[in-house]
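FYI, the numbering just counts along the sequence from 1. In this text, all values refer to a predicted model and were calculated from it rather than measured experimentally.
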Amino acid sequence: MFSFNISRIVEAYKLVRRMFGRYKKQITILAVLGFVSGLLEAIGVNALIPLFSFFVEGDSRLGGDFLAKYIRDFFAFFHLPFTLPALLIFISALFLMKAALSLYFNYVRSSIRLEYERATMSELYKETLYADWPYLSRQKIGHLETVIMTNVRMSSRLLESIARHVGVITELSMYLVVALTISKTVTIMTLGLGAFIFLIFKPLLYKVRSMSKKTEELNREVSRHVNESIGGMKVIKALGSEDSFIKISNSNFNIYRHLQMRTAVINNFMITFIQPISVVFMCVVVAFAYYRTSYNLGALAAIVYLIQKMFAHIQSLQSFIQIVNNDIPYVQGILEYKDKASKFNEIQEKSGGRSFSFKDRLSFENISFTYETGSTVLDNISFEIKRGTTVGFIGKSGSGKTTIFDLVLRLLKPTSGVIKIDGADVQGINIPSWRNRIAYVPQDAFLLNDTIYNNIVFYNENVSKEDVERAAKLAHLDEFVSEMKDGYDTVVGERGVRLSGGQRQRIAIARALARRPEILLLDEATSALDVESEAYVQEAIKELKGKITILIIAHRLGTVANSDLLMVIDKGRIIESGKPADLLKDKETYYGRVYNIRN
């Protein structure tokens, strides 16, 4: 059992050191402040002994306490009158100095906590956005939000508690030293009772830690469910599934309430029972002192005060251990999330390599791609795209078209084969340079709850107002914007809810074109557009033809009818390729059959 406890302590120490090690300098400062603060209070408490001596006759009234005698010697050394007013001023000055130190102590403690929260939130967010796409695609909705908003807050409470209890421990050490000079017997009894309290409550502390772990896991699940519900609210209401989702959330909320209630009861039980125990113990000490003629009033007042302070600090340490057991799971959650995100970090590819250059051709050479589940999406495909050409990709859903785009975007890496640009492996180009020259328009437009203008710019400092207006015109967005009261300053709402599907998609297309890309990827980008809007987009594609390289995935054949090259993908392989007009000559081709069916 003892070794098991040691292993737990070592585990907690390693976690705390790894998470908060960067703040050891500030915590050392707090330890020094706590030591000085405790020393000042200890001297002030000992000053009670000579203070009470003014009300007791005889030289023996100092009670033999060496600190009390040093206080009298201090007055004599500085030729100060050892009078009641002088002693009262001395005691008041000591406690005022302690109050000033305590104020500064709390300032340092708060600054450590707030800096930790800022730095940790920023680091977690950065690690998440720098992680590669396969890792991010496996994450549950709301997971990052829970880690940042809940885990960081709870772990910062632990850091602040550590910082505060460094001072508590140093103060307690000073109280013990002073108390030992007054009465070794009472001090040892106090320590023994404190240790006994810890042993009695130890099983409850382990219970709190277990429940905190379950609460931390439940927080993630609740956040995922809430975010998922908000994202799919329209579908939920349309299908009349509100009651089912409410039932699931109520179940989670009830479990959360049960865990929190049990934790609160245990914590309050441990804290509440320490106070009456300390009162009973002080009564025993007073009775003990009453029947000991060697005790005087000053010594008794000092030792009772010190016992009260020691028990308050023991109670504080008990609360600290509860906080450690409660918050360690949140620290573990942060570290686990951070470790996993760091493992899949793209930072190496972002910082190194050469700049993007596209003068001749983009080629796939014997490219295969297999997911971790073992399913093969692309099977040894090869093709070449000349700069400035427009290439269309068609085929059944799940045939591998979007995977080709993800490989071009370098969101995925080929399982085998090489993607080259101008004959050189694209892996040698750093990712920011690559993605800054490639624009992507997905089937479902992602919009910020911001203005139309900011949605087109999308935090890209290189996009000018002229770029926005030009792109809006190409995407047939300018007429719609001109009809809006606030024009480009119109706020689109959460995920563009105030706009139609076609309007949202045209903003996404304008965003892509505003970057003046060299390669434009349109992944079913016109599927949400009405016939008229699609016709305008097709005109824009014609205008861009020859100026940039355009890759288009489409189910609407009209979108790819004017492509320079059309590829038909089926089960991860290219089964047909050529100019659309040439493919139509053979009625048995996939493109020919589909074209005839639809026309």
*Considering only heavy atoms from C-beta outward, does the side chain of Leu411 approach that of Arg435 to under 4.5 Å?*
yes

*Find the distance between CZ (Arg22) and OG1 (Thr120) and round it off to the nearest 0.5 Å.*
5.5 Å

*Taking Arg410 for its side chain and Val426 for its backbone only, find out whether a donor-acceptor pair lies under 3.5 Å.*
yes

*How close do Leu378 and Gly400 get, heavy atom to heavy atom, and via which atoms?*
CD2-O, 3.6 Å

*Look only at the side chain of Ser111 and the backbone of Val108, and say whether a donor-acceptor pair between them is shorter than 3.5 Å.*
yes

*For Glu117, check salt bridge (Lys or Arg N to Asp or Glu O under 4.0 Å) against everything at least two apart and list the hits.*
Arg113

_From OG1 (Thr402) to CD (Gln443), nearest 0.5 Å_ = 8.0 Å

*Between Glu115 and Arg118, is there a salt bridge with N-O shorter than 4.0 Å?*
yes

*May I ask you to test the Tyr371-Thr403 pair for a side-chain heavy-atom distance under 4.5 Å?*
yes

_Please check this pair: side chain of Ser251 against backbone of Lys247, looking for a donor-acceptor N/O pair closer than 3.5 Å._
no

*More than 12 heavy atoms from other groups under 6.0 Å of CE on Met121*: yes

*asked:* Do Gln505 and Val441 have side chains that approach each other closer than 4.5 Å (heavy atoms only, starting at C-beta)?
replied: yes

*Should Ile519 and Arg437 count as side-chain neighbours, where that means a heavy-atom distance under 4.5 Å?*
no

_Going by side-chain hydrogen bond (donor to acceptor under 3.5 Å, both in side chains), Asp327 matches just one of Arg157, Gln332, Arg153. Which one?_
Arg157

_Nearest-0.5 Å distance, OH of residue Tyr256 to CG of residue Leu218_ = 8.0 Å

*Taking the six-membered ring of Phe344 as reference, does the NZ or CZ atom of Arg138 fall below 6.0 Å from its centre and within a 45° cone about the axis?*
yes

_Minimum heavy-atom distance between Arg511 and Ile456, given as atom pair plus value_ = CG-O, 3.4 Å

_Distance, nearest 0.5 Å, that separates OH of Tyr337 from CG of Asn151_ = 11.0 Å

*Side chains of Ser433 and Asn430: do they bring a donor and an acceptor to under 3.5 Å?*
no

*So, for Thr370 and Thr415, which heavy atoms are closest and what is the spacing to 0.1 Å?*
N-OG1, 2.8 Å

*Ser155 side chain to Val152 main-chain N or O, any donor-acceptor pair under 3.5 Å?*
yes

*Return the minimal non-hydrogen interatomic distance between Ala508 and Ala445, and the atom names on each side.*
CB-CB, 3.8 Å

*Atom pair CG (Leu159) and CZ (Arg109), whose distance is rounded to the nearest 0.5 Å*: 10.5 Å

*Heavy-atom check, side chain of Leu448 versus side chain of Tyr459, under 4.5 Å*: yes

*Flag side-chain contact, heavy atom, 4.5 Å: Val408 against Ile419*: no

*For the residue pair Phe369 and Pro414, what are the closest heavy atoms and their distance?*
CD1-CA, 4.4 Å

_Leu103 side chain near Tyr107 side chain, heavy-atom distance below 4.5 Å_ = no

*Report the distance from atom CG of Leu412 to atom CG of Asp406, rounding to the nearest 0.5 Å.*
4.5 Å

*Minimum heavy-atom distance between Tyr116 and Tyr23, given as atom pair plus value*: CA-OH, 3.0 Å

*Any side-chain heavy atom of Asn462 within less than 4.5 Å of one from Asn436?*
no

